[in-house]
Peer 1: 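I have a structure here, written as structure tokens, and I will follow up with some questions on it.
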Amino acid sequence: MFNRRKFLQSSVLASTGWMMKDHLEFTPKKGIATKPIVISTWNFGKAANAGAWEVLSKQGRALDAVEAGVKIPEADPNNHSVGYAGLPDRDGHVTLDACIMDEKSNCGSVMCLEHIVHPISVARMVMEKTPHIILVGEGALQFALANGFSKTNLLTPESEKMWKDWLKSSNYQPVINTENKASASVRMAPVPGGPFNHDTIGMLALDASGNMSGACTTSGLAYKMHGRVGDSPVIGAGLFVDNEVGAATSTGVGEEVIRISGSHLVVELMRQGATPGDACKKAVERIVKRDPEKAKGLQVGFLAMRNDGSYGAFCIQKGFTYAVRTSAEDKIYESESWI
Ligand code: ASP
């Protein structure tokens, strides 16, 4: 995919500041796309990338890297939007959604899974050990327990307190994460239950052999209806990987992403020639176009990588960040936004 023209273009773009928009990673001397590379959503993606990098830097498989990477926020008691300590649904159940996809379009997913700290590993097991792609709820739990996972209470005292505070108003309202913003133009009023109440770790990796994989895992929108499933475990919505083209993942209000098959759309736009950043932007525009007024009050962010290691992101509201790890960098970038 890489050629001299593209390299020159990217050098010009870099000098005009457009690298903010769409990052093309080149090793400084040879001018070839960087590989391996891992990218993931939000500031907490940095710690997750470190887990993935352990695998990628030893010539490991992208699939192993994304699983190892997202397990870090899944186990983090301070992360209230993924895995253990995730904010519960309105009835107090922590229900987790996760999916994984490899370079051969093998995929696995669990939806509305309770009591398991690492839903991503269950999703991988669904992919590798069953003839199915998706297991939900009780069935997913039964499968996990039969395969050696142990039951854990995912509701920590802190997240239980947030839920109990929320119960006083019981007003379901996804609240945008603006904490990561460099300059905040949209501030949401603080709500009981924290300054924001949803996020997801979506991770995409390209390994040294040129294979891509992705993983996506979340506790979903806080205080959702019991049984609600978002975009994150839906292949084509929260995550899509096509080794011939690239991969994409999403975060934000899942209902809006499902409506447009968001991550699949981003990959198909890249197939038609869009850069990762422009493909993410077009997907966001499709959400905004449907209902611009509604879009002003919600967040959706897409993150994409082409199979040459180039990457980009776009979101509705300012404040969506993503983390990048290569042999040359370990950084967090702020995504461009519609607002
Ligand atoms: N996409 C997730 C969901 O809808 C939440 C998020 O990423 O903020 O469940």
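Note that the structure is a prediction, hence the values are computed from the model and not measured. Only this structure's heavy atoms are used, side chains among them; waters, hydrogens and symmetry mates stay out. Numbering of ligands and ligand atoms starts at 1, following listing order.
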Peer 1: Strictly by modelled atom types, are Ser250 and Asp231 linked by a side-chain donor-acceptor pair under 3.5 Å?
Peer 2: yes

Peer 1: Taking Lys282 first and then Asp278, would you say they form a salt bridge - that is, a charged N and a carboxylate O separated by under 4.0 Å?
Peer 2: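 Result for this pair is no, no salt bridge flagged.
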
Peer 1: Give the ring-plane orientation class for Trp166 versus Tyr223, where under 30° counts as parallel, over 60° as perpendicular and anything between as tilted.
Peer 2: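 The rings of Trp166 and Tyr223 lie parallel, inter-plane angle below 30°.
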
Peer 1: Quick one about Ser232 and Thr218 (side-chain donor to acceptor, distance below 3.5 Å, no hydrogens or angles considered), yes or no?
Peer 2: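 Per modelled atom types, Thr218 and Ser232 side chains form no pair under 3.5 Å.
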
Peer 1: Between the side chains of Lys224 and Thr95, is a donor N or O closer than 3.5 angstrom to an acceptor N or O?
Peer 2: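 Yes, a side-chain donor-acceptor pair sits under 3.5 Å.
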
Peer 1: Between the protein and ligand 1, which nitrogen or oxygen pairs come in under 3.5 Å, and how far apart is each?
Peer 2:
unit_1   : atom_1 : unit_2 : atom_2 : d
ligand 1 : 1 (N)  : Asp231 : OD1    : 2.6
ligand 1 : 1 (N)  : Gly252 : O      : 2.6
ligand 1 : 4 (O)  : Arg228 : NH1    : 3.4
ligand 1 : 4 (O)  : Arg228 : NH2    : 2.8
ligand 1 : 4 (O)  : Asp231 : OD1    : 3.3
ligand 1 : 4 (O)  : Gly252 : O      : 3.3
ligand 1 : 4 (O)  : Gly254 : N      : 2.9
ligand 1 : 7 (O)  : Thr200 : N      : 3.4
ligand 1 : 7 (O)  : Thr200 : OG1    : 2.5
ligand 1 : 7 (O)  : Thr251 : OG1    : 2.7
ligand 1 : 7 (O)  : Gly252 : N      : 2.8
ligand 1 : 8 (O)  : His198 : ND1    : 2.6
ligand 1 : 8 (O)  : Asp199 : N      : 3.1
ligand 1 : 8 (O)  : Gly252 : N      : 3.3
ligand 1 : 9 (O)  : Arg228 : NH1    : 2.7

Peer 1: Could Asp308 and Arg306 be called an ion pair, given the rule that one side-chain N must be under 4.0 Å from one carboxylate O?
Peer 2: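 Judged by the 4.0 Å cut-off on N to carboxylate O distance, Asp308 and Arg306 do form a salt bridge.
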
